[in-house]
Colleague: 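Before I ask anything, here is the structure I am working with.
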Amino acid sequence: MHRTHTCGDIDVSLVNSKVLVSGWVVSIREMGKVNFIILRDRYGEVQVVFENKKPDFSLGYVVKVEGTVKKRPPEGVNPRMKSGEVEIYAESWEILNKSRPLPFLPEDDIDVFEETRLKHRIVDLRRPKMQRNFILRHEIILFIRNYMSSLGFLELETPILTKSTPEGARDFIVPSRIHKGKFYALPQSPQLYKQILMAAGFDKYFQIARCFRDEDLRADRQPEFTQLDVEMSFVSDIEDILKTIEPLIIEIFNRFANANLSSPLPRLSYLECMDMYGSDKPDLRYSIRFLDWTERFKGRGINIVDRVLENGGKVKVLRVPVKLSRGQIDKLLDDYKFMFARIENGKPSGNLAKFLNEEEIRENEGNTIFLFAGKGLNFLETLGDFRDRICKEFLKPEREWSALWVKDFPLFQWNEEEKRIEPAHHIFTSPYEEDMIYIKRLKESLVEQDEEGLKEISLKIRGKQYDLVINGVELGSGSIRVHNPELQKELLRIIGLSDEQIQERFGFLINSLEMGAPPHGGIALGIDRIVAMCAGENSIREVILFPKSTSGMALFENAPSEVDKSQLDELGICIKT
RNA sequence: GGGGACGUAGUUCAGCCUGGUUAGAACGCCGGCCUGUCACGCCGGAGGUCGCGGGUUCAAAUCCCGUCGUCCCCGCCA
């Protein structure tokens, strides 16, 4: 027998009981005739006393100790420890396994390079903080499973070895031994399968799905990641999905992060978002937003503004409720072009000061006003960058959590480098019925190769798409799908695929749509990001057991690695050098 | 693909700018002392491919070139 109790079980209720515990030695304090160690397991820590005995332990050893639980003397109580009122008086012990000296101690406050942590991940994972993160991850996923199941969703497993569909991200590919020269691909997401499952009549599907994308990494991006994948049938309206999923999201964040979110979450259209925040994932913990002062500033005599307005541009103003120093503003001017005014004691200063009227001065006491003039999407995105920077550098969030839905994204966007139309989200998103007329015009522009027309019209077609944004981070995205095979083919043609390519790449989807696919839609939520956020972590690597490094290396097991020549021969592959 | 930061003992760092004894510190490790520690304390000891390769030099951790790795950002990615 190895234990009667876990380390976390030991408390005052066990005083005078005989216990047997096993765990890792995480602290040794030898005083001569009396020696102390701290024993830890997943459930907690407990102090063991060796009186007139000295065990041959080192940090990291796995040991078993039998003894009696005693109350500590009053001066020996450790209030920072959960079991700090008691300790185990060791009577016998055994070393279950030795440990060579650890590269670092498995404590929460370590100061170690992430490279070292990842190389010795098991030591890293022993840290209580990491254990908490993965317990939280388990609890969130369990909660999701129970929740979805209670709503009648079925968890169905879709293939990992799938077909390469080179739209979107780069695929990881897997060579086929039996069919030399052919390849499977790992799924970027179960997108096509889940739509097919709707055609198959499963009605409500979900999956905690692993997804793979062969793109460069970031702090919040890994080549393999986990999403909650959801799809449901007989929905045509965005609200059908949002109303189903929103309570789940709110409950996750309220339960696991004390977020205090409440239904309904705000819903903003993509255009509203860009207009007010310059971003399609605004951080609404900060309330500042851009005001449109185009009409107000027409003909006030500001040359730059007049010139931009002649070109059909707009005047956007951000009122920041703090007074920035001249130095701070100069630093911003290094990166952005704007006019500004600071209003203090009724007196405006700055190059915008003399153009403000009485009312504007009165309304902005104590504020710093930034004025931008420009045109187009790039202009708005720059404003969004600016707002982010102001918030980060000069403002405090007004609330801890903010969640919203952003919806009605443009279905297409113009790819300037490749001079073609591409899907903004993915090509299976349904357009709004009332925007269908533009699809016809888009086709005409394609035939005429009218680039300006394509740019203009492509922005007018709104897709039934929605993103979930929390604290400025996109946590999920979904859409009502196209269930009409003819329309689906039409959309694929618009992004430049020939009928042959459509048949070869998406034939299995089209076939499914042709055999009675119900109207359907769904969403996918990033589990790693959700868990990281609930855990208060900035990087999803803190909630992934064995994450890859920035260059895609698995530092613990050292992958990717070379394979035997015989393995390559079997696959009919030779390596170019 | 591009930009920035970092790489010296098991770990985290100092030393590098301004080249020159035996490359230091803290924690960890090993040995010893200590009956109430919890960052225990005290004494002693072991431990180094200064990421790797090349160059400059009488001499390189230090200067130069290249390369590899890690982290952050842009591109890319929903």
Side-chain angles (χ1 to χ4, degrees), chain A residues 26-39 45-54 56-61 70-81 83-84 87 89 98-107 109-120 123-124 167-171 188-189 191 211-223 225 227 280-281 385 406 409 413 415-418 422-427 429 463 465-469 473-479 523-526 529 538-539 541 547-553 555 558:
Chain A
V26 294
S27 173
I28 300 175
R29 294 180 295 272
E30 294 176 344
M31 319 300 299
K33 293 285 186 320
V34 63
N35 302 305
F36 302 92
I37 68 157
I38 301 289
L39 212 57
E45 293 183 342
V46 64
Q47 174 162 278
V48 183
V49 191
F50 297 79
E51 203 169 27
N52 293 309
K53 306 172 179 107
K54 191 181 158 203
D56 196 16
F57 293 169
S58 277
L59 294 187
Y61 280 25
K70 295 254 171 81
K71 259 199 129 106
R72 294 195 194 185
E75 68 277 11
V77 169
N78 184 347
R80 292 185 303 280
M81 242 175 118
S83 64
E87 57 196 353
Y89 266 68
K98 292 190 173 186
S99 163
R100 64 170 205 242
L102 298 174
F104 53 91
L105 295 180
E107 300 301 331
D109 57 353
I110 52 163
D111 177 20
V112 179
F113 277 114
E114 198 170 354
E115 185 174 1
T116 309
R117 290 178 52 205
L118 291 179
K119 270 184 186 153
H120 307 282
V123 179
D124 193 34
E167 289 305 315
R170 196 177 292 119
D171 286 323
Q188 294 179 23
S189 78
Q191 181 61 38
C211 307
F212 306 87
R213 288 174 195 167
D214 189 5
E215 296 292 345
D216 286 359
L217 284 75
R218 283 286 192 287
D220 62 349
R221 226 192 283 159
Q222 282 276 307
F225 59 97
Q227 65 185 30
D280 61 358
K281 43 177 182 171
D385 281 354
V406 181
F409 287 74
Q413 62 193 23
N415 184 323
E416 189 59 45
E417 289 94 71
E418 297 175 31
E422 61 184 18
H425 175 54
H426 59 51
I427 195 60
T429 300
Q465 188 205 329
Y466 31 86
D467 281 8
L468 172 70
V469 176
V473 177
E474 187 208 307
L475 287 184
S477 188
S479 63
I523 191 167
L525 300 170
R529 286 184 186 176
N538 287 322
S539 165
R541 291 189 299 267
K548 308 289 186 281
S549 78
T550 326
S551 70
M553 291 287 293
L555 296 177
N558 219 341

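Below, chains carry the letters A, B, ... as their sequence lines are ordered, and counting in each starts from 1.
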Colleague: Please state how far atom CD1 in Ile427(A) lies from atom C1' in rA78(B), giving the value in whole angstrom units.
Modeller: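 Spelled out: CD1 on Ile427(A) to C1' on rA78(B) is 15 Å.
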Colleague: Once you round it to whole Å, what is the distance between P of rC73(B) and CG of Asp216(A)?
Modeller: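 Atom-to-atom, Asp216(A) to rC73(B), this comes out as 12 Å.
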Colleague: Name the closest nucleotide to the Ser477(A) side chain, picking from rG28(B), rU11(B), rA78(B).
Modeller: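 Nearest to the side-chain atoms of Ser477(A), counting from C-beta on, is rA78(B).
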Colleague: How long is the span from the CD atom in Glu422(A) to the CD atom in Gln413(A), to the nearest 0.5 Å?
Modeller: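 Going from the CD atom of Glu422(A) to the CD atom of Gln413(A) covers 5.0 Å.
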Colleague: Nearest whole angstrom, please: distance from the C1' of rG69(B) to the CG of Leu118(A).
Modeller: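 From Leu118(A) CG to rG69(B) C1': 13 Å.
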Colleague: Using a 6.0 Å cut-off, check whether atom NZ of Lys71(A) has over 12 heavy atoms from anything other than its own residue.
Modeller: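 Count not over threshold, so no.
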Colleague: Taking rC43(B) as the reference, what is the distance to rC50(B) when you measure between their P atoms (whole Å, please)?
Modeller: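 Result for the P pair: 31 Å, nearest Å.
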Colleague: Using the side chain to side chain contact (heavy atoms under 4.5 Å, CB included) rule, take Arg529(A) and Asp220(A) through it: C-alpha gap first, then chi angles, then the decisive distance, then the call.
Modeller: CA-CA 7 Å; Arg529(A) 286 184 186 176; Asp220(A) 62 349; 3.5 Å; yes
Colleague: Send over the distance from Asp56(A) CG to rG31(B) C1', rounded to a whole Å.
Modeller: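 Going from CG in Asp56(A) over to C1' in rG31(B) covers 12 Å.
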Colleague: For Asp171(A), enumerate each residue passing the salt bridge (charged side-chain N to carboxylate O under 4.0 Å, His left out) test, keeping only those at least two apart in sequence or located in another chain.
Modeller: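 Residues passing salt bridge (charged side-chain N to carboxylate O under 4.0 Å, His left out) with Asp171(A): none at all.
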Colleague: Between rC77(B) atom C1' and Lys548(A) atom NZ, what is the distance in whole Å?
Modeller: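 Rounded to whole Å, this separation is 17 Å.
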Colleague: Give one of base, sugar-phosphate or nothing for Arg170(A), where a contact means two heavy atoms less than 4.0 Å apart.
Modeller: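 Touches nothing.
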Colleague: Can you name the residues that form a side-chain hydrogen bond (donor to acceptor under 3.5 Å, both in side chains) with Asp280(A), not counting sequence neighbours?
Modeller: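 Partners of Asp280(A) by the side-chain hydrogen bond (donor to acceptor under 3.5 Å, both in side chains) criterion come out as none, since no residue qualifies.
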Colleague: From C-beta outward on Ala219(A), which listed nucleotide comes closest to its side chain: rU70(B), rA78(B), rC73(B)?
Modeller: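 Selected nucleotide: rC73(B).
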Colleague: Calculate, to the nearest 0.5 Å, the distance between atoms CD1 and CD belonging to Ile523(A) and Gln465(A) respectively.
Modeller: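 Those atoms lie 10.0 Å apart.
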Colleague: Can you sort out the partners of Arg170(A) under salt bridge (charged side-chain N to carboxylate O under 4.0 Å, His left out), two or more places apart, ordered by chain and number?
Modeller: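 Here the qualifying residues are Glu215(A).
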Colleague: Measuring to OP1 and OP2 of rU70(B), would you say a side-chain N or O of Thr550(A) lies under 4.0 angstrom away?
Modeller: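 Negative; the distance criterion is not met.
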Colleague: Taking only the P atom of each, what is the distance from rG31(B) to rG69(B) in whole angstrom?
Modeller: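 Looking at atom P only, rG31(B) and rG69(B) are 40 Å apart.
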Colleague: Please identify each residue that fulfils side chain to side chain contact (heavy atoms under 4.5 Å, CB included) with Leu555(A), with sequence neighbours left out.
Modeller: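 For Leu555(A) the side chain to side chain contact (heavy atoms under 4.5 Å, CB included) partners, ignoring immediate neighbours, are Glu115(A), Leu118(A), Lys119(A), Ser549(A), Met553(A).
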Colleague: Counting Watson-Crick and G-U wobble pairs only, both distances under 3.5 Å, name the nucleotide matched with rC38(B), or none.
Modeller: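 Across all strands, not a single nucleotide pairs with rC38(B).
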Colleague: Where the side chain of Lys33(A) is concerned, which of rU35(B), rU70(B), rC77(B) is the nearest nucleotide?
Modeller: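 Taking heavy atoms from C-beta onward, the closest nucleotide is rU35(B).
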Colleague: Counting the atoms with a prime plus P, OP1 and OP2 as sugar-phosphate, which does Ser58(A) contact under 4.0 Å by heavy atoms, base, sugar-phosphate, or nothing?
Modeller: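 Sugar-phosphate: the residue Ser58(A), judged by heavy atoms under 4.0 Å, touches backbone atoms but no base.
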Colleague: For atom P, what is the distance between rG28(B) and rG7(B), given to the nearest Å?
Modeller: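 One P to the other, the span is 24 Å.
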Colleague: My understanding is that only residues two or more places apart in sequence, or in another chain, count here; which of them pass side-chain hydrogen bond (donor to acceptor under 3.5 Å, both in side chains) with Lys548(A)?
Modeller: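 Applying side-chain hydrogen bond (donor to acceptor under 3.5 Å, both in side chains) to Lys548(A) gives Glu224(A).
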Colleague: May I ask which nucleotide in the shown strands pairs with rG44(B), Watson-Crick or G-U wobble, both distances under 3.5 Å?
Modeller: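 Matched rG44(B) with rC30(B) under the 3.5 Å cut-off.
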Colleague: Take the protein atom CD1 of Ile523(A) and the nucleotide atom P of rA78(B), then report the distance between them rounded to whole Å.
Modeller: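 Between P of rA78(B) and CD1 of Ile523(A): 16 Å.
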Colleague: For rC16(B), what is the paired nucleotide under Watson-Crick or G-U wobble rules, both distances under 3.5 Å?
Modeller: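 With both distances under 3.5 Å required, rC16(B) matches none.
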Colleague: Between rC68(B) and rC27(B), how far is it from one P atom to the other, in whole Å?
Modeller: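 One P to the other, the span is 38 Å.
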Colleague: Judged by each residue's nearest nucleotide on RNA chain B, which is more toward the 5′ side, Asn52(A) or Ser551(A)?
Modeller: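 Looking at RNA chain B, the more 5' nearest nucleotide goes with Asn52(A).
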Colleague: Can you name the residues that form a salt bridge (charged side-chain N to carboxylate O under 4.0 Å, His left out) with Lys54(A), not counting sequence neighbours?
Modeller: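 Listed in chain order: Glu30(A).
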Colleague: Provide, to the nearest angstrom, the distance between the CG atom belonging to Asn558(A) and the C1' atom belonging to rU70(B).
Modeller: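 Asn558(A) atom CG is separated from rU70(B) atom C1' by 14 Å.
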Colleague: Report, as yes or no, whether the 6.0 Å neighbourhood of atom CG on Asp385(A) holds more than 12 heavy atoms from other residues, nucleotides or ligands.
Modeller: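 Counting other residues, nucleotides and ligands, CG of Asp385(A) exceeds 12 neighbours.
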Colleague: Write down the distance separating the P atoms in rC42(B) and rA59(B), rounded off to the nearest Å.
Modeller: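 Rounded to whole Å, the distance is 45 Å.
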Colleague: Base, sugar-phosphate or nothing for Ile110(A)? Non-hydrogen atoms, less than 4.0 Å.
Modeller: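 Answer is nothing: Ile110(A) stays at 4.0 Å or more from every strand.
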Colleague: Check the distance between rG10(B)'s P and Leu102(A)'s CG and give it to me in whole angstrom.
Modeller: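 Going from Leu102(A) (CG) to rG10(B) (P), I get 14 Å.
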Colleague: Return yes if the base of rC77(B) and the side-chain atoms of Arg213(A) contain a donor-acceptor N/O pair under 3.5 Å, otherwise no.
Modeller: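 Check fails, no donor-acceptor contact within cut-off.
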Colleague: Both distances below 3.5 Å, Watson-Crick or wobble geometry, any strand: find the nucleotide opposite rC50(B).
Modeller: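 Looking at the geometry, rC50(B) pairs with no nucleotide.
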Colleague: Select base, sugar-phosphate, or nothing to describe what Gly168(A) touches, counting heavy atoms under 4.0 Å on all strands.
Modeller: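 Sugar-phosphate: the residue Gly168(A), judged by heavy atoms under 4.0 Å, touches backbone atoms but no base.
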Colleague: On a whole-Å scale, what distance lies between the C1' atoms belonging to rU70(B) and rA26(B)?
Modeller: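 Rounded to whole Å, the distance is 24 Å.
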Colleague: Assign a letter to each nucleotide of nucleotides 36-46 of chain B from its 5' end: B, base within under 4.0 Å of a protein heavy atom; S, sugar-phosphate only; -, no contact.
Modeller: BBBSB------
Colleague: Please confirm whether the shortest side-chain N or O distance from Arg541(A) to OP1 or OP2 of rC72(B) is below 4.0 Å.
Modeller: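 Affirmative; the distance criterion is met.
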Colleague: Restricting to side-chain hydrogen bond (donor to acceptor under 3.5 Å, both in side chains), what partner residues turn up for Arg221(A), sequence neighbours left out?
Modeller: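 So Arg221(A) forms no side-chain hydrogen bond (donor to acceptor under 3.5 Å, both in side chains) with any residue.
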Colleague: Which atoms of nucleotides 12-15 of chain B (N or O only) lie under 3.5 Å from a protein N or O atom, and what are those distances?
Modeller:
unit_1  : atom_1 : unit_2    : atom_2 : d
rU12(B) : OP1    : Phe113(A) : N      : 2.8
rU12(B) : OP1    : Thr116(A) : OG1    : 3.2
rU12(B) : O4'    : Asp111(A) : O      : 3.4
rU12(B) : O2'    : Asp111(A) : OD2    : 3.0

Colleague: Under 3.5 Å for both donor-acceptor distances, Watson-Crick or wobble: does rG75(B) have a partner, and if so which one?
Modeller: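 Its partner is none (no Watson-Crick or G-U wobble pair with both distances under 3.5 Å).
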Colleague: For rG10(B) and rG1(B), measure between their C1' atoms and round to the nearest Å.
Modeller: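 That atom pair is separated by 37 Å.
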Colleague: Write down the distance separating the C1' atoms in rU22(B) and rG15(B), rounded off to the nearest Å.
Modeller: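 Between the two C1' atoms, the distance is 15 Å.
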Colleague: Does rU70(B) have a Watson-Crick or wobble mate here (both distances under 3.5 Å), and if so which one?
Modeller: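 Base-paired to rA5(B).
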